[in-house]
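Beneath this line is the structure, given in structure tokens, with notes to follow.
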Amino acid sequence: MRTLTDSVMSPEATILAVDDKKSALIMLKSQLQMWNFDVLCATSGMEALSILEETAPDLILSDQVMPGMDGLTFLQTVKRSHPDIPFIMLTAHGKIKHAVNAMKRGADDYLVRPYQIEELEAAVRRALKFSFLSKENRKLKARLAGRDGFQNIVGRSPWILEALELGRQVAQSPRTVVFLYGESGTGKELLARAIHSASGNGESRFIGVNCAGVHAHLLESELFGYVKGAFTGADKNREGKFGKAEQGTILLDEIGDLPWNLQGKLLRVLQEGVYEKLGSDRLIKTDFRIIAATHQDLAQLVKTGKFREDLYHRIHVYPITLPPLRDRKNDIPLLADHFLDQFRQALGKNLPGVSLAAMDLLMDHPWPGNVRELKNCLERAAILSKGDLIQPRHLPGLFCSNGPTAFCSNEKKESVHLEMAFDPDEYSLDAVINRVLKLTLEKCGNNKAEAARVLKVNRNMFYRRQTE
Amino acid sequence: MFDRDELLKQLGGNQPLMLTFIKACLKDIAEEMDNLEAALNARDWELAVKAAHTIKGVAGNMRSAALAKTALDMEQAAEEHDMELASLIKKKLCAEFNQLALDRHSIWK
């Protein structure tokens, strides 16, 4: 494991120095190398950004006044794509207001030229130390938060913040029924667990039931439990999910799929606060919170007669809506950082972050599977990555990066998207067909039979046409 | 025109490196002197400020306090769009730069 001392002293620490003046880079590089740091040099903000596409340094030192992309613009771009890399701005004597401006925009420190070598060393070590401690702090907090905290629901968009605030507030009212609405993969169970945890029920149990995942005739015994002899095969008493959730929380996921006969029984549980095990007359008082969740429009199910209206009103006490990821795309960089942190620990890999090109692809994708899909996508990328930045090539199946001729289809094969660019002289129906064949063939690893299956054509087509 | 000992200290006592560094500084300053002249001729005050600012930075790195001070004066004159003052300071800047170029041989003493 890398220690604090390793981190600020080790030759493994890499520093990116950015200055348009060769003399300044010579000085910076020689000084940093005196302390055994690896130094990467760039003579412009753009060159530095292309270096950042390939590698993630431990620190960036940049001049402020540069032609083209100036230091402040470079700083802001870096802070968007690599918020964890500390950044020291180098500014000239007499321009302290520039330094203040840089600090306001996210620089971690600044140095006024001409600086003393001791000042440079102190600033560099301070920034590396702070960065190391911040990372450690985040790891410890994540470990303490475990799996159940609101901290695990990452996002800064107004919709997600509103959902979290509603969750925090209802956590103080431990018997209020909560209704979570959100598409699949938006984090309904995560929020339910957070509410449970924050309700002071940490010691008690959180029981999740997927109403769509259990066969209708088994669901009743699963929920209520039964006594010996209740039905053929009931050779002993069995606690149901309600019993197991005593003093805790039960999540009834996909409540819209609850069979009609059980809807009446659940209504009684909610109205009277009691239930009976199958085969028993003994009333058991409920002592748990019910959280119901669905991705369906429950009001519409009521209108079509598939869901009881009285039950709808009983569970619709405190609704919270979780937004789909496509409506909070600004949270994608944060979520990516969050998941990469998890995979870093789980895989023991150095995963410095997501490249700008890969981030562009992540930002452009519609994410029909929401945060779960993003997490799966990044997990696959983390496994494929060799410890460098996540690149478009690490996102196979979901994206590809063949420039203007990209063939992309999402995981669920809901749509196929083709982009092609042609020279006007070259453009013809034949050219388009040949390009489609070529792209599909590439996508299928040059397997003509598979490509023919995808395109629903005879494989001979690939032999007849020019696909090279 | 520059503090040799101080510069040597900043470069970890590496004398060959200091020679390389000074050559690079003089080249950078010469480029910016050209930019400054062109900017003043075109009354492009923004570019003039930037050129003077860069000369100030490079001169500071080189531990040439006098040249850095003159470049600062030039930066301020350009910020105030004072052509008369800027022309005077430019002459001083050129003279100091030429002197600096001559003084570079003193590093071998």
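Residue numbers begin at 1 in each chain, while the letters A, B, ... track the order of the sequences. Note: hydrogens, waters and symmetry copies are ignored here, and every other heavy atom, side chains too, is used.
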> B:Glu6 and A:Gln116: side-chain contact (heavy atoms from CB on, under 4.5 Å), yes or no, with the steps?
Replying inline: CA-CA 9 Å; B:Glu6 175 61 19; A:Gln116 289 294 313; 3.0 Å; yes
> Quick one: OG on A:Ser23 to CD1 on B:Ile29, what's the gap to the nearest 0.5 Å?
Replying inline: 7.5 Å
Under 4.5 Å from any heavy atom of chain A, what part of [X] do you find: side chain, backbone, both or neither?
X: B:Leu47; answer: neither
X: B:Lys23; answer: neither
X: B:Thr20; answer: both

>> So does A:Ala24 get a backbone contact from the side chain of B:Asn61, meaning a donor-acceptor N/O pair under 3.5 Å?
In response: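 The answer is no, because no donor-acceptor pair under 3.5 Å joins these two groups.
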>> Between B:Glu31, B:Lys27, B:Glu32, who has the most heavy-atom pairs with chain A when the cutoff is under 4.5 Å?
In response: B:Glu32
> Can B:Gln10 and A:Glu118 be said to form a side-chain hydrogen bond (donor to acceptor under 3.5 Å, both in side chains), step by step?
Replying inline: CA-CA 9 Å; B:Gln10 298 303 319; A:Glu118 297 84 1; 5.1 Å; no
> What are the two closest heavy atoms between A:Met34 and B:Gly12, and how far apart are they?
Replying inline: CE-N, 3.3 Å
> What's the shortest heavy-atom distance between B:Thr54 and A:Lys21, and which atoms?
Replying inline: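 Between these two residues, the closest heavy atoms are CG2-CE, 3.4 Å.
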> Does a sphere of radius 6.0 Å around OH in A:Tyr115 hold more than 12 heavy atoms from other residues, nucleotides or ligands, not counting ones at 6.0 Å or beyond?
Replying inline: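 Yes, OH of A:Tyr115 has more than 12 neighbouring heavy atoms, counting only those of other groups under 6.0 Å.
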>> Does any backbone or side-chain atom of A:Met27 lie under 4.5 Å from a heavy atom of chain B? Answer side chain, backbone, both or neither.
In response: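 The answer is both parts of A:Met27.
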>> side-chain contact (heavy atoms from CB on, under 4.5 Å), that's the test. Do A:Ile26 and B:Leu17 meet it? Break it down for me.
In response: CA-CA 9 Å; A:Ile26 290 172; B:Leu17 174 67; 3.9 Å; yes
